[in-house]
Structures are given as structure tokens and as C-alpha cells.
Amino acid sequence: MRVLLSGLVAAALAGSAPGSAPKPSYEVFAVRYATLVGFPKKYLVMGADSVPLDLAMMVWVVRGEGRTMLVDAGYYREEFKQSWNAKDFVSPDQAVARLGIRPADVTDVIISHLHWDHADGADLFPRAKVWVQRDEYAFYRDPANQRNSGVFPVDVAMFERIERDGRLALVPGDSVEVAPGVRVYIGGRHTKQSQYVSVPTRSGTVVLASDNMYLYENLDRHRPIAATWDSVSNLAAQDRMRRLASDPRLIVPGHDPAVFERFPAAGPGAAAIR
Ligand SMILES: [Zn+2]
């Protein structure tokens, strides 16, 4: 009886029913590696005016269950640094080092889409499995589809190297589990096949929207992102994020600097999403 009771207590403490395995849980951090100054809001929120915003350039850390995962990898190549001249730039691997994460510690990098500012840093993490939607990768490998797309040959070549290295994991569509409890979803067409991520945490389910929802304003005013192939599907994706997240405040937009005001600081340039 005593053994049974202590087993029940242990199961209760782990937050799960007796006999079932404890639910996976992760810590999530937003990490800022640069600021893009004076970016017009009309390129972010459909129907908005040209008011200039200082965009947070972010990657997201998901840590737990024996893994150290990143959602997106930022950029670091000289050509992008020079053409955008962002303020307070720190290479994304150095930005996550502030949380004590070394490049070789990163087990997985989930790329939300192949735009330069989210994908370019994927090869900074030499041991990581790199997750990309299969249709996104297939589409942008065709040079004809790279033109004016925000996806660059140098990054496509990098992903081809990662693939040859045996580290590229192509995601076959919607609602796919990439780690225990961590799932990716089709993102309402910011690019050919962008994706976003849900993560179980002690505060509930967090949704890392990346560019499928640029700013809090997209969600609050129910406005599609300005850069989408399909604004109806973008709004549907945002509506679904509301259903997936335990609370709308746990939906993290791709570039909103207010993330660092709404969540507690967790070191320089980092906020704990909880
Ligand atoms: Zn983008």
C-alpha cells in the first residue's frame, strides 16, 4: 500500500495520471541578436501605414527533455550584415552563448522558413538536425523561384551541404511532432510553406509564430501579415495559434520588440517565455 501511495504521489507531482508517463515540458527563451531600425509597418501588417518600427531580430531557444533546440537561426553572413546594417548585431551563436549554450550543444534547429534573416545561421550549429518543410525546400531549390523571394542561393547551397552531411530533416506537412510534445504547423503562407511551432511548458502551450505573425498587432487587430501568399490562410493560421496556445499571451510574434517588455529578462538580450 505504501509503495502504491508513494507511486501515486510521485505521479501527481509529475502532473500526470497514475501509470502514464510524465508530460514533456520545456523552457522557452526569445533571444535578440540585432535590431532593424526604421522598418515601415506597412510591410508587416496588411493595411497599416508607413510608421517606422525598430524590429527585434530574434531566435528562440527551446530547452528540455535532453535537447537544446533553436527555432530559427538568424543570419551572420557578411553580405546580409552589409546590406541591412542592423543595430547591435551579435552573431546568433554568440547571442545564444549568453544563455550558456555552445554551438555544439544545439541538438535541433527548426527553420520556420527560408528567408535570409531566419535561415542563414543554420550552419553555425555543427551537430544540429535541421528541420525544414519539405515543400519549402523543394520549391526554393529551383533558382527560378529564388528571384525576389528573400531566399538566397548562398543559403540554399548551405542547406544542400547540411543535407549531404545527413543532418537535414524534411518535414512532411502539417502537425508533425519533431521532439516529444513539440509540433510544427503550416503557417499561412508567409513563404511557399512556412511553419510555426508549439511547445509544452510549465506555463502551458507556447506558440512560436515566427513571421507567420510578425507583430502583436496582427493578432490583436486580426490583420494578416503584409507579406503572405494568401491572407485568408494567414488569418486562419493565426486563429489556430489561438486555439493551440494555452493563452493568447503565449503566442510569440516573429519581430515584435514588445516581447522583451512583456516577458521577464533572462540575461542580456533574452526573455523567458512563461
Ligand atoms: Zn520572413
Side-chain angles (χ1 to χ4, degrees), residues 30-46 48 52-60 70-77 79-81 83-86 89 92 95 109-124 130-141 145-156 158-159 171 184-197 207-219 223-231 233-238 241 251-259:
V31 178
R32 186 176 190 148
Y33 67 90
T35 299
L36 211 53
V37 176
F39 196 85
K41 191 159 79 175
K42 67 178 176 186
Y43 297 127
L44 304 169
V45 178
M46 202 171 273
L53 294 178
D54 292 347
L55 296 190
M57 307 303 279
M58 288 182 259
V59 299
W60 299 274
L70 294 186
V71 175
D72 289 342
Y75 69 93
Y76 73 100
R77 283 178 173 77
E79 60 198 272
F80 301 125
K81 282 162 67 176
S83 45
W84 290 87
N85 195 26
F89 179 87
V109 178
I110 302 170
I111 298 292
S112 67
H113 62 298
L114 292 182
H115 279 163
W116 62 280
D117 59 322
H118 293 259
D120 180 59
D123 63 349
L124 291 171
V130 178
W131 301 81
V132 181
Q133 279 287 333
R134 182 184 58 201
D135 291 354
E136 177 90 349
Y137 183 58
F139 182 79
Y140 290 109
R141 286 181 84 183
N145 295 330
Q146 293 167 12
R147 225 168 287 135
N148 300 320
S149 68
V151 178
F152 290 84
V154 66
D155 287 334
V156 173
M158 168 189 68
F159 282 102
V171 183
V184 295
Y185 302 87
I186 300 302
R189 314 219 67 200
H190 172 54
T191 52
K192 174 67 179 177
Q193 193 71 297
S194 57
Q195 60 183 354
Y196 62 92
V197 186
V207 171
L208 300 171
S210 189
D211 286 359
N212 302 293
M213 185 192 115
Y214 279 125
L215 300 176
Y216 286 115
E217 185 171 327
N218 293 110
L219 196 69
R223 292 282 173 89
I225 52 171
T228 176
W229 295 29
D230 177 351
S231 55
S233 96
N234 184 253
L235 283 180
Q238 292 189 43
M241 290 178 201
I251 305 172
V252 182
H255 287 283
D256 201 321
V259 167

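Numbers here are sequence positions counted from 1. Every number for a ligand or one of its atoms is a count from 1 in the order of the listing.
- Applying the side-chain hydrogen bond (donor to acceptor under 3.5 Å, both in side chains) test to Asp211 and every residue at least two apart in sequence or in another chain returns His113, His118, His190, His255.
- Listed by chain and number, the residues in a side-chain hydrogen bond (donor to acceptor under 3.5 Å, both in side chains) with Arg141 are Glu160 (sequence neighbours excluded).
- Contacts of Lys192 classified as salt bridge (charged side-chain N to carboxylate O under 4.0 Å, His left out), with partners at least two apart in sequence or in another chain: none.
- Here the protein contributes His113 NE2, His115 ND1, His190 NE2, Asp211 OD2 as N, O or S atoms under 2.8 Å from the Zn ion (ligand 1).
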Going through the distances and angles, do Tyr76 and Phe89 end up as a ring-ring contact (aromatic ring centres under 6.0 Å, His included)? CA-CA 9 Å; Tyr76 73 100; Phe89 179 87; 8.6 Å; no
Run the numbers on Phe80 and Phe152 for ring-ring contact (aromatic ring centres under 6.0 Å, His included), then give the verdict. CA-CA 10 Å; Phe80 301 125; Phe152 290 84; 5.2 Å; yes
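- Within the model, atoms OG of Ser112 and CD of Gln193 stand 12.5 Å from one another, a figure rounded to the nearest 0.5 Å.
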